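Computed from a predicted model, the values in this text were never measured in an experiment. Proteins come first, then strands; the chains are lettered A, B, ... in the order of their sequence lines, and each starts at number 1.
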Number of protein chains: 2
Amino acid sequence: MAEQGTESTGRARQPRTRTRASHSLDSVLAGAVEILDESGVQGLTIRALAARLGGGVASVYWYVSGRDELLDLAADSVLGGIFEQIADVGSDDAIDDLRTIAIAMFDTIVDRPWLGAYVLRDTELQIHSLQLYERIGEEVMRLGLTPRQVFHATSAVVGFVIGTAADLGQEPPAVVVSGEVTREQYLAKITGEWRALDATAYPFIHHIVDEFERHSDREQFAAGLDLLLAGLRLKAEAGSAEPLG
Amino acid sequence: MAEQGTESTGRARQPRTRTRASHSLDSVLAGAVEILDESGVQGLTIRALAARLGGGVASVYWYVSGRDELLDLAADSVLGGIFEQIADVGSDDAIDDLRTIAIAMFDTIVDRPWLGAYVLRDTELQIHSLQLYERIGEEVMRLGLTPRQVFHATSAVVGFVIGTAADLGQEPPAVVVSGEVTREQYLAKITGEWRALDATAYPFIHHIVDEFERHSDREQFAAGLDLLLAGLRLKAEAGSAEPLG
DNA sequence: ACCTGAACACCGTTCAAGT
DNA sequence: ACCTGAACACCGTTCAAGT
């Protein structure tokens, strides 16, 4: 992935003084993503990134304008990975395809809690985000709606996926990281608090606490997505009966 | 804007020793919200908050455990304001009520771009978030679904509102703040870039760019919400026909 | 019980200088 | 063209001390 390119003279010369570090935008972003996955947004400091790349702090600024742009580009680079997953998508049912794409997107975002907040913020900078928005929009276009409806429906799907994934992907509020046990403990703590609430004041919480305790984020997401897509299908059918709805 | 409050004795007495500042959790959070509204998450530093409160930095730590908890509590305190708006909600159509509550929530979040990321993160700390989740869940309970379906539907609505509002509320990526002109300039910049894209590679973008240029965030949100609620209504009707769906 | 100022250990960003 | 180390101006948090 990272060829050096600086010493192309064949003869392996002695680096008598430490070779100067040499980066590329790709290696900078890859390093940033590694740190983000390991230690979250807080852990991504320019100093930590420079150390991982084996260079000085200031070199990072050659490739990105600052920490914000670094985060935007790192998030976007991860989103680019989705296109491999959805390369084969193209059934005769646009809504089925929409569902497949949305779930692939969810899967990519949900186990990177840092991602949600930085995706689709700046389409000039974030080319993969734009392409994904485009890809989803193209599916929606197949439903025979008006441009306005297409815009609204596409934004709704994208907003739902990103919003829900970012929400669900939120780290437990402590420093603890990953691990099956941690999630169970986390859920147990919450359900414990919820069960201690007054049942008269919180009938809904008591109604769903058992479901919450054994819920899967992915199923919860899929269920919500299906509600949204069912509404969209309804609209598409109404639209085809009455073309200018 | 900033009255001192320390020299209320009429006679301009020499403050030989400055009166000690006195806070409360409420005043700390109110100060935090003011700063957040004025200058965003980045602008909320403990030092800036202490200065606004007229005290020393360390006093803030008497009321909150740190900056993270401050953000969580500030966000939750704003959410508490929603209950006044929805006090009268209670028609005979649960989905209509759901719609009203969701829109009130959206309105509260969308012009506070900092809010979305901190809402509903810790229900032990954030009591208003929990109560809002409860309130929405109670409406969903009226639809005659199973606990599992109620859990899923409620989470979907909440996720959609928060996610979309946080998404739409995002500041333009520069330092520019508010103003009608700024939004138009912002939209013009994006649509300009979009129109410059290759129409063959980006048919969807070209299809909706005019709509995007004149879109209203609120209408965009409402349209997406209506899709979701239409799907939910469909499910509720199917459920009442076949009680154990 | 609550507030203070100073100190500590960090951080993003810049810049003149190097290769 | 790209990298470096040191410096600057900040920041969250802690702590011993005050009232």
Report yes if at least one side-chain N or O of A:Y61 is closer than 4.0 Å to OP1 or OP2 of C:dC15; otherwise report no.
no
Over all strands shown, is B:L49 touching base, sugar-phosphate only, or nothing at heavy-atom distances under 4.0 angstrom?
nothing
Stems for DNA chain D (at least 3 consecutive Watson-Crick or G-U pairs, under 3.5 Å) come to C:4-8 with D:12-16, C:12-16 with D:4-8
Looking at B:R67, I'd like to know whether one of its side-chain N or O atoms comes within less than 4.0 Å of OP1 or OP2 on D:dG12.
yes
Need one value for B:S59: base, sugar-phosphate or nothing, where a base atom within 4.0 Å counts as base even if backbone is also close, heavy atoms only.
base
With heavy atoms under 4.0 Å as the rule, sort A:A58 into base, sugar-phosphate or nothing.
base
Kindly check if the number of other-residue, nucleotide or ligand heavy atoms within 6.0 Å of CD1 (B:I127) is above 12?
no
Residue pair A:L197, B:L130: steps toward the side chain to side chain contact (heavy atoms under 4.5 Å, CB included) verdict:
CA-CA 11 Å; A:L197 292 169; B:L130 180 66; 3.7 Å; yes
Rounded off to whole Å, could you give me the CZ-to-P distance for the B:R20 and C:dA1 pair?
13 Å
Can you list the steps and then say if A:I162 with A:M105 is a side chain to side chain contact (heavy atoms under 4.5 Å, CB included)?
CA-CA 8 Å; A:I162 296 180; A:M105 228 175 130; 3.9 Å; yes
Calculate the interatomic distance between A:Y63 atom OH and C:dT13 atom P; express it in whole Å.
18 Å
Would you mind classifying the nucleic acid contact of A:L44 as base, sugar-phosphate or nothing, using non-hydrogen atoms under 4.0 angstrom?
sugar-phosphate
Taking only side-chain N and O atoms of A:W62, does any of them lie within less than 4.0 angstrom of OP1 or OP2 on D:dC2?
yes
Listed nucleotide nearest any side-chain atom of A:V57, set D:dA6, D:dA1, D:dT14
D:dA6
Please state whether the phosphate of D:dC3, meaning OP1 or OP2, lies under 4.0 angstrom from any side-chain nitrogen or oxygen of A:S22.
yes
As a test of reading the structure: which of C:dT13, C:dC3, D:dT13 is closest to the side chain of A:R47, going by heavy atoms?
C:dT13
Of the candidate nucleotides D:dC2, C:dA1, C:dG12, which contains the atom at the shortest distance from the side chain of A:I46?
C:dG12
Does B:Y61 have any ring pair (Phe, Tyr, Trp, His ring centres under 6.0 Å) partners at least two apart in sequence or in another chain, and if so, which?
none
In whole angstrom, what separates B:L71's CG from D:dG12's C1'?
13 Å
Quick one, A:E138 with A:E134, criterion side chain to side chain contact (heavy atoms under 4.5 Å, CB included). Give me CA distance, side-chain angles, the key distance, then yes/no.
CA-CA 6 Å; A:E138 287 174 12; A:E134 166 71 31; 2.4 Å; yes
Under the criterion side chain to side chain contact (heavy atoms under 4.5 Å, CB included), I'd like the reasoning laid out for A:F106 against A:L225: C-alpha separation, chi angles, the key distance, then a yes or no.
CA-CA 10 Å; A:F106 176 83; A:L225 179 66; over 6 Å; no
Distance flag, aromatic centroids of A:W194 and A:Y202, threshold under 6.0 Å
no
In whole angstroms, the gap separating C1' of C:dC11 from CG of A:D68 amounts to 14 Å
